[in-house]
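Let me begin by presenting the structure, written as structure tokens, before commenting on it.
Whatever order the structure lists them in is the order used to number ligands and atoms, beginning at 1.
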Amino acid sequence: MKWNADFRSDTLTRPTEAMLDAMHQAPTGDDVFAEDPTTEAFQDRCAALFGHEAALFCPSGTMTNQIAINVHTRPGDEVICDRMAHIYNYEGGGIARNSGASVRLLHGDHGRFTWNDVATEINPADSHYARTSLVCVEDTCNRGGGAVWSLDSLREIKEGCIQTNMPLHLDGARCWNAMIARGNSRVPESQAWSDYGRLFDSISVCFSKGLGAPAGSVLIGSRAFIEEAHRVRKVFGGGMRQIGVLTAACNHALDVELPRLQEDHQHAQQLGAVLENLSRVKAVDPVETNIVIFEIHAGLTADQFVEWAQQAGISCFAFGPQRVRMVTHRDLSADQIAETCERLTTSVLNG
Ligand SMILES: *Cc1c(COP(=O)(O)O)cnc(C)c1O
């Protein structure tokens, strides 16, 4: 087989033998009757991990985000988020379609903004305007190149949301990477996780990215919030049955895969340093986690870059006319990273 290293996404990770074992051994029941013991225990674990009362397992991060938006808003309301946000760019227009809400976009720094940025965009309490009723942050921000938020800035936004009586939702699909990047949080269930989780009224997390589960996202919040979310999940067609096979995989991911994310971050650093010096690359966004986004020099398009990389056995992803994204993940070994760096340096991409 031809040599290939696939950097298109960390969603490409496949379940390990150990994960498949955990899935095989999971006790199951009908989750619609709240009788799947593996799922009940896993939801409780996720709620406690982030310092909240309750949690709800869903098939995808899009669904958990869209449910949260639906519960927090009424039709005609407005949601504030960054222009890089996944909820705005990559969820099929779901905010409008599912919840009848409009969006106010902020122009932050790689997807991160300040309370000041939010405050100036809140509509006056006047019937001419849409009611601003929700703020969403994304940590890490995917389109922002895996950018990590500072806790200070999140605390400030939380404080502002309390003052203005607005809920704060976290699209934390990649919060695992953010926690690892901020330092001391390789072990789940440490205080840092619940302190972080309590900054938000609702949290969506994903297990199918760097954590390597085949599917799964969890929505976290108060008991009252999750009760409403449960109803919306049903309406969105997300009620499921013997899902212990999935939640067992996610639970295993939390125990085994979370501490390993650090490796992906180191690999991304390595890759970023090589890209930085390629003649065809104009600039590399700051590499903070496992996502590397870079800009191609004029005269070459992102599509052409991707095609040439493919000829060298390296799969990546055009992320704009002049921008390319590469993502490191568990199924790319240290050897493959080293080989990739070598191939990039000696290829036409450095010509
Ligand atoms: C992957 C991702 C999601 C959810 O995507 P699904 O494919 O629906 O699970 C949401 N937000 C961010 C930031 C993501 O990276």
In sequence, state the C-alpha distance, the side-chain angles, and the governing distance for Phe207 and Phe57, and then conclude on ring pair (Phe, Tyr, Trp, His ring centres under 6.0 Å).
CA-CA 11 Å; Phe207 295 87; Phe57 181 81; 7.5 Å; no

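Side chain to side chain, Ser222 and Glu53 fail the donor-acceptor criterion of an N or O pair below 3.5 Å. Side-chain contact check for Asn142 and Tyr90: no donor-acceptor pair (N or O, by modelled atom type) lies under 3.5 Å. Checking Asp77 against Ser133 by side-chain atom types alone, a donor-acceptor pair falls below 3.5 Å. Defined by atom type and a distance below 3.5 Å, a donor-acceptor pair is missing between the side-chain atoms of Arg131 and Asn123.
Considering backbone and side-chain atoms alike, Asn142 places an N or O below 3.5 Å from some N or O of ligand 1. The shortest N or O to N or O distance between Glu91 and ligand 1 is not below 3.5 Å. Polar contact with ligand 1: absent for Cys206 (N/O pair, distance under 3.5 Å).
Among all protein heavy atoms, the one lying closest to atom 13 (C) of ligand 1 is Glu138 OE2, 3.1 Å. Nearest protein heavy-atom neighbour of atom 9 (O) of ligand 1: Gly61 N, 2.8 Å. Annotation: atom 11 (N) of ligand 1 to nearest protein heavy atom, Asp171 OD2, 2.7 Å.
Here Ile87 has no heavy atoms under 4.0 Å from ligand 1, in either its backbone or its side chain. Residue Thr62 touches ligand 1 through backbone and side chain together, judged by heavy-atom distances below 4.0 Å.
Under the 4.0 angstrom criterion, atom 7 (O) of ligand 1 counts as lacking any protein heavy-atom contact.
Atoms CG and CZ, on Leu261 and Arg174 in that order, are 10.5 Å from each other to the nearest 0.5 Å.
Between the Asp285 side chain and the Gly145 main chain, no donor and acceptor come within less than 3.5 Å of each other.
For Tyr88, the OH atom is loosely surrounded, since the number of other residues' heavy atoms within 6.0 Å does not exceed 12.
Numbered from 1 in the order shown, with element, the atoms of ligand 1 that lie under 4.0 Å from a heavy atom of Arg174 read 15 (O). Listed by number with element, the atoms of ligand 1 under 4.0 angstrom from any heavy atom of Lys209 are 1 (C), 2 (C), 3 (C), 4 (C), 5 (O), 14 (C), 15 (O). Residue Ser60 has at least one heavy-atom neighbour below 4.0 Å for each of these atoms of ligand 1: 8 (O), 9 (O).
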